[in-house]
Amino acid sequence: MIEQFERNLSDMRDWAVDKGWKKGYYVYYERTGQDARFLEQAVSVYPAENISLVVPDTIQGIKNWSAEENMTFEELPAPGIGDFSRAMKIYKAGDPETEYLVTFVKYDVFMELWTNGTATDYETLKQLAGIAAGKIQ
């Protein structure tokens with residue numbers, strides 16, 4: 001594990017604060033070497049009445065960011081995790097790095113899980129997201 005911390009209000013975008021962000025946690029794992037990989041997880045809690053807004057806003061923000069960075073954004077089939085989920089693949093032509101994201105909400109919890117790598121890594125990411133969703137009570 002490289003980094004982990006409780007997220008503070010000052011870490012959050014204005015949009016999140018305006019929607020009632022309550023608390024959160026962040027963790028980042030990295031495997032270095034010739035075949036470097038990372039796994040990033042961000043968890044946030046919102047009021048139940050605003051939780052349905054978080055995934056679509058996150059997706060739109062990533063679409064905007066990938067367009068600014070001249071990257072390709074590809075929506076993947078919804079992974080069916082939690083109450084509502086989305087998945088995507090983000091890459092740049094000619095760059096061997098591919099990033100995958102699974103994002104979901106369950107109850108009042110929002111989670112983003114990122115990794116880089118191959119389609120196999122994406123399948124592992126979906127499995128991890130399912131395990132994480134199962135732990136939300």
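Counting from 1, the numbers follow the sequence of the chain as shown. Quantities reported herein were computed from a predicted structural model and do not represent experimental measurements.
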query: Is the number of heavy atoms from other residues, nucleotides or ligands within 6.0 Å of CG (Asp14) greater than 12?
result: no
- request: Quick one: do Leu101 and Glu112 satisfy side chain to side chain contact (heavy atoms under 4.5 Å, CB included)? Show the steps, please.
  value: CA-CA 7 Å; Leu101 167 70; Glu112 288 179 77; 4.0 Å; yes
Check: Asp11 and Tyr26 side chains under 4.5 Å, non-hydrogen atoms: no
field: Residues Asn116, Glu97; criterion side chain to side chain donor-acceptor pair (under 3.5 Å); working and verdict
entry: CA-CA 6 Å; Asn116 66 331; Glu97 292 284 316; 2.6 Å; yes
field: CA sep, side-chain torsions, deciding dist, call: Tyr29, Glu3, side chain to side chain donor-acceptor pair (under 3.5 Å)
entry: CA-CA 7 Å; Tyr29 298 90; Glu3 188 175 14; over 6 Å; no
task: Answer yes or no: is there an ion pair linking Arg86 with Glu75, defined by an N-O contact shorter than 4.0 Å?
output: yes
- prompt: Minimum heavy-atom separation for Asp121 to Thr115, with atom names?
  reply: O-CG2, 4.0 Å
message: Show the nearest heavy-atom pair for residues Ile81 and Lys126, with the distance to one decimal.
response: CD1-O, 3.7 Å
message: Could you tell me if the side chain of Met71 sits less than 4.5 Å from the side chain of Tyr91, heavy atoms only?
response: no
task: Just do the side chain to side chain contact (heavy atoms under 4.5 Å, CB included) check on Glu74 and Ile90 with the steps written out, would you?
output: CA-CA 6 Å; Glu74 182 181 322; Ile90 304 161; over 6 Å; no
message: What verdict does the side chain to side chain donor-acceptor pair (under 3.5 Å) test give for Asn64 and Gln60, after you've listed the backbone C-alpha separation in whole Å, the side-chain angles of each residue and the deciding distance to 0.1 Å?
response: CA-CA 6 Å; Asn64 294 346; Gln60 189 58 52; 3.0 Å; yes
message: Checking the side chain of Asn50 only, and the main-chain atoms of Pro47 only, is there a donor and an acceptor separated by less than 3.5 Å?
response: no
field: Met111 versus Val43, closest heavy-atom pair with distance
entry: CE-CG2, 3.8 Å
- prompt: Between Arg7 and Trp21, which heavy-atom pair has the shortest distance, and what is it?
  reply: O-CH2, 3.2 Å
field: Pairwise distance CG(Asp108) to CD1(Ile136) - rounded to 0.5 angstrom
entry: 9.0 Å
- prompt: Roughly how far, to the nearest 0.5 Å, is the OG atom of Ser44 from the NZ atom of Lys22?
  reply: 12.0 Å
task: Find the distance between CD1 (Ile62) and CD (Glu99) and round it off to the nearest 0.5 Å.
output: 9.5 Å
- request: Measure the shortest side-chain to side-chain distance between Trp114 and Val102 over non-hydrogen atoms and say whether it is less than 4.5 angstrom.
  value: no
- line: In terms of heavy-atom contacts, Phe110 and Val105 come closest through CD1-CG1, 3.9 Å
task: Mind checking the CG-CD spacing from Leu125 to Glu40? Nearest 0.5 Å is all I need.
output: 11.0 Å
statement: In this structure, CD of Gln4 is separated from CD of Gln41 (nearest 0.5 Å) by 10.5 Å
Candidates Val54, Val109, Leu113 - the one meeting side-chain contact (heavy atoms from CB on, under 4.5 Å) with Phe104: Leu113
task: Could you tell me which non-hydrogen atom of Lys106 sits nearest to which non-hydrogen atom of Ala133, and how far apart they are?
output: NZ-O, 2.9 Å
4.5 Å side-chain heavy-atom contact, Leu39 and Leu128: yes
task: Decide whether a cation-pi geometry holds between Lys23 and Tyr25; the criteria are a distance under 6.0 Å from NZ or CZ to the six-membered ring centre and an angle within 45° of the ring axis.
output: no
task: Would you check if the side chain of Asp83 reaches a backbone N or O of Tyr107 as a donor-acceptor pair within less than 3.5 Å?
output: yes
- prompt: Once the angle between the rings of Tyr28 and Phe38 is folded into 0 to 90°, is it parallel (under 30°), tilted (30 to 60°) or perpendicular (over 60°)?
  reply: parallel
Salt bridge (Lys or Arg N to Asp or Glu O under 4.0 Å) assessment of Arg13 paired with Asp57: CA-CA 11 Å; Arg13 296 181 301 143; Asp57 176 74; 2.5 Å; yes
- prompt: After noting the C-alpha distance and the side-chain angles of Phe5 and Val27, does the key distance pass the side chain to side chain contact (heavy atoms under 4.5 Å, CB included) rule?
  reply: CA-CA 7 Å; Phe5 56 86; Val27 65; over 6 Å; no
- line: Rounding to 0.5 Å, atoms OG1 (Thr103) and CZ (Phe84) come to a distance of 9.0 Å
message: Using a 3.5 Å distance criterion without hydrogens, assess whether the side chain of Ser66 forms a donor-acceptor pair with backbone atoms of Lys63.
response: yes
